[in-house]
Amino acid sequence: RTFVFHFLAGHSFYFTMLSRCVAVLGFLATANAYWNFYSSSCYYTSYGTDGECDSVANTDACDWDGGDCCASSCIGDCAEGTFNCQDPDATDYVAPAFPDCSEYYWSYLGDGDCDYYTNTPDCGWDGGD
């Protein structure tokens with residue numbers, strides 16, 4: 001019994017660290033599941049088909065703002081000059097000049113505002129903003 005006690009006492013640090021690593025891995029797996037769910041969801045469904053291109057809803061998950069950001073798919077009274085077509089299925093879609101820039105950020109490129117996350121070489125320094 002003394003041997004077993006000394007073995008466990010001497011290795012309790014490793015058991016503690018192992019259990020902490022398992023807990024962290026479990027947390028990361030849960031966080032990843034939440035990220036996958038929420039990143040594929042659209043919080044801005046009410047913005048779609050209102051005739052204005054809303055950059056926060058101009059994503060695949062939000063069905064490209066219901067078509068409001070492309071002249072060829074905008075329905076109703078559309079605000080001219082506000083188009084930022086990112087829908088690859090639209091007839092007026094132009095492939096991005098910066099393919100290494102995440103698709104999530106495409107609507108921020110060249111929009112007149114200097115955005116921190118797109119002010120990188122991959123995103124063409126925010127499309128020149």
Side-chain angles (χ1 to χ4, degrees):
R1 282 193 274 169
T2 304
F3 173 74
V4 172
F5 175 75
H6 286 293
F7 177 79
L8 292 176
H11 291 86
S12 64
F13 170 77
Y14 298 109
F15 290 124
T16 302
M17 294 308 293
L18 179 62
S19 66
R20 288 182 182 167
C21 287
V22 169
V24 168
L25 290 176
F27 169 77
L28 292 176
T30 302
N32 188 43
Y34 280 116
W35 172 255
N36 288 338
F37 172 77
Y38 286 111
S39 65
S40 64
S41 300
C42 179
Y43 295 107
Y44 308 103
T45 54
S46 62
Y47 289 21
T49 64
D50 64 355
E52 290 186 29
C53 179
D54 303 294
S55 62
V56 294
N58 193 14
T59 64
D60 189 23
C62 291
D63 194 31
W64 310 109
D65 196 24
D68 290 341
C69 295
C70 300
S72 64
S73 60
C74 190
I75 300 169
D77 188 23
C78 301
E80 290 295 322
T82 63
F83 298 117
N84 184 8
C85 189
Q86 304 298 319
D87 181 358
D89 296 328
T91 58
D92 52 333
Y93 170 75
V94 177
F98 310 103
D100 293 331
C101 186
S102 171
E103 180 180 323
Y104 176 80
Y105 295 121
W106 291 353
S107 63
Y108 296 99
L109 302 179
D111 65 354
D113 294 318
C114 182
D115 301 297
Y116 174 79
Y117 293 110
T118 56
N119 197 22
T120 64
D122 287 347
C123 292
W125 305 110
D126 195 28
D129 294 336

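Computed over heavy atoms, backbone and side chain alike; hydrogens, waters and symmetry mates excluded. Small disclaimer: the values here were computed from a predicted structure and weren't measured.
- Between Cys78 and Cys74, the two SG sulfurs come within 2.5 Å of each other, short of that mark.
- Among residue pairs with one or both ends in residues 53-79, those qualifying as side chain to side chain donor-acceptor pair (under 3.5 Å) are Trp64-Asp87, Ser72-Thr91, Ser72-Asp92; sequence neighbours excluded.
- Every residue two or more places apart in sequence or in another chain that forms a ring pair (Phe, Tyr, Trp, His ring centres under 6.0 Å) with Tyr44 is listed here: Tyr47.
- The SG atoms of Cys69 and Cys53 sit under 2.5 Å apart.
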Practice prompt. Determine, step by step, whether Cys62 and Thr45 satisfy the side-chain contact (heavy atoms from CB on, under 4.5 Å) criterion, reporting the C-alpha distance in whole Å, the side-chain angles of both residues, the deciding distance to 0.1 Å, and the verdict.
Written response: CA-CA 6 Å; Cys62 291; Thr45 54; 5.9 Å; no
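- Interatomic distance, Tyr108 OH to Ser102 OG, rounded to the nearest 0.5 Å: 10.5 Å.
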Only distances under 3.5 Å count here; give the side-chain donor-acceptor pairs of residues 117-129 to other protein atoms, sequence neighbours excluded, each with its distance to 0.1 Å.
| from | atom 1 | to | atom 2 | distance (Å) |
| --- | --- | --- | --- | --- |
| Thr118 | OG1 | Asp115 | O | 3.3 |
| Thr118 | OG1 | Asp126 | OD1 | 2.4 |
| Thr120 | OG1 | Cys123 | N | 3.3 |
| Asp126 | OD2 | Asp115 | N | 2.8 |
| Asp129 | OD1 | Gly112 | N | 3.1 |
| Asp129 | OD2 | Gly110 | N | 3.2 |
| Asp129 | OD2 | Asp111 | N | 3.0 |
| Asp129 | OD2 | Gly112 | N | 3.3 |

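- Hydrophobic clustering (side-chain heavy atoms under 4.5 Å, transitive across Ile, Leu, Val, Met, Phe, Trp, Tyr) keeps Tyr93 apart from Ile75.
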